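Here's the structure we're looking at; comments come further down.
Since the structure is predicted, the reported quantities are computational estimates derived from the model, not experimental observations. Here is how names work: the chains are called A, B, and so on, in the same order as the sequence lines, proteins then strands, and each is numbered from 1.
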Amino acid sequence: MSDGIANLSRRAVLMGLGAGTFILAGGLAPRARAEEPSKKYGGDAMPGGVKDDPRLFVAVAADGAVTILCHRAEMGQGVRTSWAMVIADEMDADWAKVTVDQALGDEGRYGNQNTDGSRSMRHHFQALRRIGAAARQMLVQAAATQWGVPVAEVTAEHHTLMHGPSGRRLGYGEVAAAAAALPVPARETLVFKDPARFRYIGRGDVGLVDGFDITTGRATYGIDVRRDGMVYAVVARPPVYGGRVVHYDVDEALKVPGVLKVVVLNAAPPPSGFLPKGGLAVVAENTWAALQGREKLKITWEDGPNASYDSAAYRAELEAAARAPGQVVRDTGDVNGALKTAAKRVTAEYYIPHLAQAPMEPPAAVAQVTGNKCEIWGSTQAPQATRETVAKVLSMPTENVTVHQTLVGGGFGRKSKPDYIAEAALLSRAMDGRPVKLTFTRQDDLHHGFLHTVSVERLEGGLDAKGKPVAWLHRTVAPAISATFSAGVTHEGASELGMGAVNTPWVVPNLRVENPEAVSHTRIGWFRSVSNIPHAFAVQSFVAELAAAAGRDPKDFLLDLIGPPRQINPADMSDSWNYNEDPVAYAYDTGRLRGVVERAAKEAGWGKPLPKGQGRGIAAHRSFASYAAAVVQVTVGAQGKLTIPRVDIAFDCGPVINPDRVRAQLEGAVTQGISLATLGEISFKAGQVQQNNFDSYEVTRIDAAPRDIRIHLMPAATYDAPLGGVGEPGVPPIAPALLNAVFAATGKRIRSLPIRDQLRT
Amino acid sequence: MTITLTVNGVDHAVDAPPDTPLLYVLRDDLALNGAKYGCGLGQCGACTVHVDGKPVFSCVTPVAAVAGRRVRTVEGLGTVDTPGILQQAFIAEQAAQCGYCISGMIMRAQALLDGVRRPTDAQIRAHMQPNLCRCGTHGRILKAVRRAADMMGGTVPQAVRS
Amino acid sequence: MRRKHWVGAAAACIALGGLAALAVAYRAPLPAIARPDAASFDRARVARGAVLAAIGDCAVCHTADRGAAYAGGRPLPTPFGTLYTTNITPDIATGIGTWSLDAFTRALREGVARDGHHLYPALPYEHYTHVTDGDVEALYAFLMTRPAVSAPPQPNHMIFPLGFRPLLAGWKLLFLHRGALPPRTDRDAQWNRGAYLVEGLGHCGGCHTPRNPLGGEETGRAYAGGVAEGWVAPPLDGSSPAPIPWTADGLYRYLRTGMDGEHGAAAGPMGPVTHDLSAIPEDEVRAIAVYVASLRMDGRPGPGPGPVDHADAAAQAHPAGAALFAGACGGCHEAGAPMLTGGRPGLGLASGLQLEEPANVVRAILEGLRPPVGAAGPFMPPFANSLTDGQVAEVAAYLRARYSDRPAWTNLTRESATARKEGQQP
């Protein structure tokens with residue numbers, strides 16, 4: 001227990017509610033201690049905010065069955081389970097009697113639903129507790145009223161209400177109707193459970209609510225939706241971003257049996273944001289006919305100004321930009337002077353290509369337009385963006401668009417962008433209101449994505465005669481996400497720079513970060529952990545390069561660079577963003593970063609000798625308000641064959657709500673990190689993506705996945721501590737730890753991702 | 001063209017061009033969603049089903065090729081009340097993240113366990129290689145297959161649906 | 001089929017070998033040495049040995065599926081039975097840890113193990129005999145510095161009485177011609193370098209030259225095409241059926257990456273060969289390509305017939321094959337398909353469809369293709385489980401009719417059944 005929260009909890013006793021019961025007063029969450037009380041942070045700062053009215057989320061039936069509404073997208077995090085688990089635990093419900101329903105997309109009603117930024121638990125855990133506690137108190141009140149006894153004499157335990165003095169009992173279902181008619185208790189009267197009594201939170205043995213449906217083939221993803229009278233569509237989109245159709249011949253396509261119609265979709269000029277790219281859609285009675293029909297289309301495209309986008313040439317442009325000074329985004333001391341006088345100077349350039357999220361379920365949705373209304377069933381991470389985009393393309397009010405969220409077969413950021421759903425909506429209208437299922441093929445997915453940016457990161461460091469770092473210059477050059485939404489953007493935004501470029505806590509007296517210009521030529525979007533990928537890759541590789549130059553152990557050097565445990569206000573590192581979290585409650589805590597480094601190193605047996613051809617590498621990174629450190633062990637065999645026998649990852653995200661799912665997210669993050677470091681690359685030639693499928697956009701498979709992934713969770717001591725994110729922070733340290741391990745094993749420093757066959761020669 | 005298919009022991013007369021890949025017939029015509037579209041070109045295994053007991057990529061298996069042969073999908077492995085042993089093992093290991101690849105994984109693994117009672121980890125990895133998982137649950141998939149093999153050998157009590 | 005007369009000819013080999021064995025079979029054992037310290041080998045020589053080992057495809061045969069490198073155990077099906085490759089790591093008990101350079105040299109050049117027993121010509125010593133002393137020494141240095149792996153040899157399953165090794169002495173009298181190959185003064189250094197590598201360590205003729213009933217290469221028909229593990233190793237000489245003739249540049253791309261845009265992807269046993277060649281110095285691969293290209297140029301210079309595509313006629317003749325092709329193959333192989341970008345050729349350019357025998361086409365359909373160098377794959381998925389033998393035959397017949405002007409293949413169903421059976425072997 002720490003500071004004010006513990007003192008507050010003592011009030012529970014004062015109120016006579018019995019020892020071990022805790023109270024949380026509204027407005028006294030950590031954010032209340034922020035410097036600017038008027039400024040909102042976290043979930044409260046999101047559009048739509050956070051809602052905690054139990055009547056929106058919990059229903060108890062007369063038979064005691066509890067239905068909990070989840071408004072987050074389930075895409076593999078297990079959020080539908082964790083979400084309901086928190087409410088169920090706080091309301092003392094029996095998990096076996098709980099089912100989970102998916103909320104419609106309705107930001108006004110449910111609050112912010114966009115599932116991104118590793119925010120589901122971070123922003124909602126306390127609200128979910130309030131929902132559960134309020135529901136429980138309403139049930140308790142209803143029982144007290146029915147029995148005519150003081151409410152303080154009634155307790156709730158595992159779906160049963162008990163009157164201590166008389167021993168009377170009632171099931172939740174028996175008072176459900178009466179409870180529902182009661183007013184919702186005020187926030188400051190809510191009493192949280194003693195965490196020692198948690199049955200589910202922090203326990204990690206709750207079965208996934210969708211586990212059965214998934215393993216038996218009964219789960220419904222966006223691509224699985226079926227509506228009466230539904231037709232199927234695929235779209236031929238301009239191969240170059242900003243291109244458009246100039247001439248077409250659909251005769252052959254219409255001859256394919258089953259093809260019903262070819263529809264022209266207008267292109268939105270760049271920057272097109274979430275709007276569809278336009279093109280020709282083939283609508284048919286089944287998927288195969290639609291695909292065959294599309295093959296028969298004859299289209300002449302006008303490619304527009306991005307037709308010259310070429311990854312090799314663009315890389316050279318980025319490198320040139322990185323070699324000249326750029327916009328200064330953080331500056332401490334005198335970097336140029338320190339570099340000049342340094343005893344040793346190290347320079348390195350890192351390259352990280354475009355990546356595609358490539359979720360196993362490609363973008364897919366069903367839309368049905370009826371009059372001035374539209375109903376959507378789709379795989380989406382962003383129901384509100386979906387409503388707004390569909391409303392925009394159909395010119396109807398946002399509230400006329402209903403979004404049914406299905407399970408999402410992998411998102412990783414791709415399904416935060418509703419372009420494909422807007423296409424389905426346009427096509428349903430073109431088909432006079434028939435439901436239309438729009439599916440991306442894998443090639444569509446790779447060619448028409450919102451890609452991870454491409455970047456060159458150039459670092460220069462200076463060491464003094466004793467090998468101590470005295471200067472750090474980082475130039476980060478990458479097309480920005482906001483260039484996809486606004487014209488003329490050529491610099492990374494505060495959020496991108498705050499993902500590990502400016503906010504390095506190094507104990508280096510002279511430190512500067514610059515951001516030269518980069519012009520975007522394709523749609524850039526979020527990819528799991530976003531700009532943390534290139535920044536952490538470069539920064540953590542460079543730390544190891546400096547350590548090598550200084551002749552130091554990389555782990556010890558890293559710890560020295562982090563320095564002593566301290567709380568840094570991110571603003572003091574020129575990070576004005578801090579994942580939109582309170583800079584005090586969510587200060588950059590170097591003690592926690594040290595903690596994960598030390599734990600990962602210890603668990604991985606850092607320093608123990610390895611045979612020739614093997615090596616360990618370490619990297620650590622704070623992102624999404626969580627701290628992660630990874631030690632990757634590699635073996636580099638004949639012809640540079642890389643195998644990864646073991647990865648240790650230490651993780652501090654504050655309170656751990658569902659340990660099994662936190663572990664699963666980290667296991668996945670490790671493998672996705674390995675995948676992007678070893679194989680991942682989307683490249684362009686003549687404005688077109690060169691990869692078409694999983695043969696050329698390769699993904700780590702089970703034979704190459706790490707043999708042994710060991711997760712070391714470092715949960716906070718109290719559930720009142722601020723929560724960090726979980727879905728994304730595991731990714732950033734993996735690539736640098738891997739390449740540091742390759743260096744340890746071979747002496748070869750790889751600075752350009754992916755590794756592919758760079759180890760062969 | 002009408003083609004007769006036997007899927008999970010039930011005969012279906014399907015009206016589809018003979019070149020239609022089995023995947024689209026299963027999903028569009030027979031409303032069986034277990035087999036998934038992931039790549040359409042036999043690169044990811046999400047569409048894996050069995051034909052005459054052997055795993056195939058249904059996205060590149062023309063429906064004409066399976067006329068008169070036995071097709072089995074993930075829906076045919078168990079019943080609603082008692083899922084198949086592999087399915088139980090996947091549930092017990094919480095092997096799913098997004099879950100989209102899981103049907104294909106289970107069908108691929110079932111083919112292995114149909115032929116090899118006690119596969120080694122190396123055998124499991126080699127056998128499962130054609131199937132892609134993007135979430136990175138490979139370790140748990142491996143454990144689930146191992147657990148299923150154990151369950152079939154009787155060393156782990158068979159889980160019941162919780 | 002070739003396979004048949006190979007097997008039938010075993011008897012002749014026995015008789016001949018029996019006589020010869022008496023005279024020359026005995027070879028003395030060479031003394032065992034203490035395993036040399038890995039650090040005692042010159043690093044540059046080891047590095048050179050690594051390149052030579054790649055050119056010699058040592059790891060291809062001497063590594064089992066997912067086994068330790070060079071530890072042997074890979075089954076080699078031959079017309080005379082199944083051999084298991086041996087452990088050539090420097091393990092003392094089960095490998096070559098006690099072999100001196102002399103013993104190693106004798107094995108490579110004469111096919112005799114350190115203890116004096118004769119080695120089967122699956123070890124292509126009739127080619128390795130041309131390798132220079134310096135290169136043998138580098139190979140030795142490379143192998144002796146590999147990690148020692150304990151992997152006891154597996155028993156071979158040879159047709160009786162070929163398990164009796166002294167018979168091999170007779171085979172050697174006929175087919176082992178020792179000594180260096182004289183350089184050709186009318187060719188340049190690059191060509192001569194290529195000749196040295198191809199005829200020696202590369203042992204390309206081991207597969208691409210037809211063999212006589214005794215299993216010896218028909219020297220008079222060098223590079224006229226042979227067989228390897230059930231696949232046809234296409235002719236490299238003037239009789240190459242490639243619709244666009246091979247050039248040195250094309251061969252270089254193919255050998256280096258496993259793919260050439262004017263011909264296709266390396267399939268079957270050729271796949272691992274290209275994997276090896278992808279990691280060695282470029283000059284060596286160029287030299288190999290120049291020499292191999294000259295084999296064709298010397299035989300039949302000039303342009304080839306180019307690709308054909310009789311799509312409509314083939315569909316009329318083989319409607320079932322056409323439908324199967326459309327559903328199973330068209331997604332990658334039809335014009336404009338996504339898999340045809342990035343320098344991948346259409347089927348009209350594939351040599352396999354032009355060969356006299358359908359073995360490669362049938363095997364590619366059944367087994368698929370392994371991914372090219374540096375890729376994770378799968379690449380072309382196997383269709384053995386999707387298609388019956390009859391359906392494989394339909395597809396193959398359709399492909400032959402569509403993409404070649406050559407006579408139709410016969411007995412395709414049986415070929416598929418045979419290939420399927422062989423594909424399931426150890």
Side-chain angles (χ1 to χ4, degrees), chain B residues 1 3 16-25 37-72 104 107-108 111-112 114-115 119-133, chain C residues 63-68 73 311 315 318-334 336-342 344 364-372 375-396 398 416 420 423-424:
Chain B
M1 175 174 172
I3 293 168
D19 60 347
T20 312
L22 175 61
L23 173 67
Y24 306 118
V25 172
Y37 173 94
C39 69
L41 299 176
Q43 306 292 306
C44 81
C47 68
T48 304
V49 302
H50 290 191
V51 173
D52 289 340
K54 296 278 176 55
V56 304
F57 299 112
S58 64
C59 72
V60 288
T61 300
V63 68
V66 297
R69 299 166 74 190
R70 289 177 295 117
V71 177
R72 195 184 196 195
M107 294 311 287
R108 173 88 41 199
L112 175 66
D114 285 347
T120 62
D121 284 3
Q123 278 176 306
I124 297 171
R125 281 198 193 90
H127 179 88
M128 301 300 290
Q129 198 268 0
N131 286 43
L132 260 183
C133 161
Chain C
T63 307
D65 232 13
R66 282 174 286 281
H318 305 280
L324 290 168
F325 177 85
C329 324
C332 293
H333 290 292
E334 203 52 272
M339 294 302 194
L340 288 183
T341 59
R344 294 178 189 159
I365 294 171
L366 287 172
E367 298 169 23
L369 298 187
R370 287 191 153 187
F379 190 50
M380 172 168 160
F383 287 87
N385 296 338
S386 306
L387 303 178
T388 63
D389 291 328
Q391 290 163 352
V392 171
E394 297 272 14
V395 174
Y398 166 77
S416 175
R420 188 186 292 273
Q424 288 161 353

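If you tally non-hydrogen atom pairs under 4.5 Å between each of Ser58(B), Pro55(B), Ala111(B) and chain C, the highest count goes to Pro55(B). The greatest number of non-hydrogen atom pairs below 4.5 Å with chain C, out of Leu41(B), Leu132(B), Asp52(B), is found for Leu41(B).
Neither the backbone nor the side chain of Arg125(B) comes within contact range of chain C; no heavy atoms are under 4.5 Å apart. At a 4.5 Å heavy-atom cutoff, the contact between Phe383(C) and chain B is made by side-chain atoms alone. Contact of Pro17(B) with chain C is not made at all, since no heavy-atom distance falls under 4.5 Å.
Minimum heavy-atom separation, Lys54(B) to Asn385(C): CB-CG, 3.3 Å. Heavy-atom minimum distance, Gly327(C) versus Pro21(B): O-CG, 3.9 Å. Minimum heavy-atom separation, Ala65(B) to Gln391(C): O-NE2, 2.9 Å.
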